[in-house]
Asks: 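The following block contains the structure, expressed as structure tokens.
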Amino acid sequence: MPYNISIHFAMKANYNPYILNLLKSLGCGIDAANQNEAMLALKLGFNNNDVVSTPNNLDREGLAFLINNGIKINYDHLGQYKLVQDLNPEFVSFRINPGIGMGEFKEITTAGENVKFGISYDEALKSYKYARDHGAKRFGIHMMTGSNVLSAKFF
């Protein structure tokens, strides 16, 4: 059974153009944390379909840049989506907190209890319904449970 899987490198880990071009040549996409990273990816020749953005605390101007350039956004919460809902983004994805998380140390754990990233399943359901009722037609889901997880058992 074939799977439609794509890998998106988190540019915030390393934005060296030579490394990014190497990743592009290998078929890797980019996960941009903000409009500046997205702009660099586009300038390096990444197709907007190969760039997704998972911004944390981006303002309306930054979000509008992403939408106007056809870059899919993983919204951190409904309030972030509401900043640009009048721009009628057709694709909407929310960052879900699956309730479990791990990291090399507590400060880089991005899911589980008492973390700032993602929304609960209940909040996600309300958010997707809201987006649908305001014109969204395609949907995605984003989850991240931690950074620098070195235990295969966790996954």
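Scope of the values below: all heavy atoms of this structure, side chains included, with no hydrogens, waters or symmetry mates.
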Asks: Taking the side chain from Asn69 and the backbone from Ile71, do they hold a donor-acceptor pair closer than 3.5 Å?
Replies: no
Asks: Checking Lys24 side chain against Leu44 main chain: does a donor-acceptor pair fall under 3.5 Å?
Replies: yes
Asks: Listed by chain and number, what are the ring-ring contact (aromatic ring centres under 6.0 Å, His included) partners of Tyr130, not counting sequence neighbours?
Replies: His134
Asks: Using the side-chain hydrogen bond (donor to acceptor under 3.5 Å, both in side chains) rule, collect all pairs that involve residues 25-39, keeping only residues at least two apart or in two chains.
Replies: Asp31-Thr54
Asks: Counting distance only, does the side-chain N/O of Arg95 pair as donor-acceptor with the main-chain N or O of Asn74 below 3.5 Å?
Replies: no
Asks: Determine the interplanar angle of the Tyr75 and Tyr81 rings, folded into 0 to 90°, and report it as parallel if under 30°, tilted if 30 to 60°, perpendicular if over 60°.
Replies: perpendicular
Asks: Does Leu87 have more than 12 heavy atoms from other residues, nucleotides or ligands lying within 6.0 Å of its CG?
Replies: yes
Asks: Can you get from Phe91 to Leu66 by hopping between Ile, Leu, Val, Met, Phe, Trp and Tyr side chains that sit under 4.5 Å apart?
Replies: no
Asks: Return yes when atom CG of Asn57 has more than 12 non-hydrogen atoms of other residues, nucleotides or ligands closer than 6.0 Å, and no otherwise.
Replies: no
Asks: State which residues pass salt bridge (charged side-chain N to carboxylate O under 4.0 Å, His left out) with Glu90; sequence neighbours excluded, sorted by chain then number.
Replies: Arg138
Asks: Are the side chain of Tyr15 and the backbone of Ala41 linked by a donor-acceptor contact shorter than 3.5 Å?
Replies: no
Asks: Nearest 0.5 Å, what's the CD1-CD1 distance between Ile7 and Ile30?
Replies: 12.0 Å
Asks: Rounded to the nearest 0.5 Å, how far does CG of Asn14 lie from CD1 of Ile19?
Replies: 4.0 Å
Asks: Can you give me the closest heavy-atom contact between Ile141 and Ser93, atom names plus distance?
Replies: N-OG, 3.4 Å
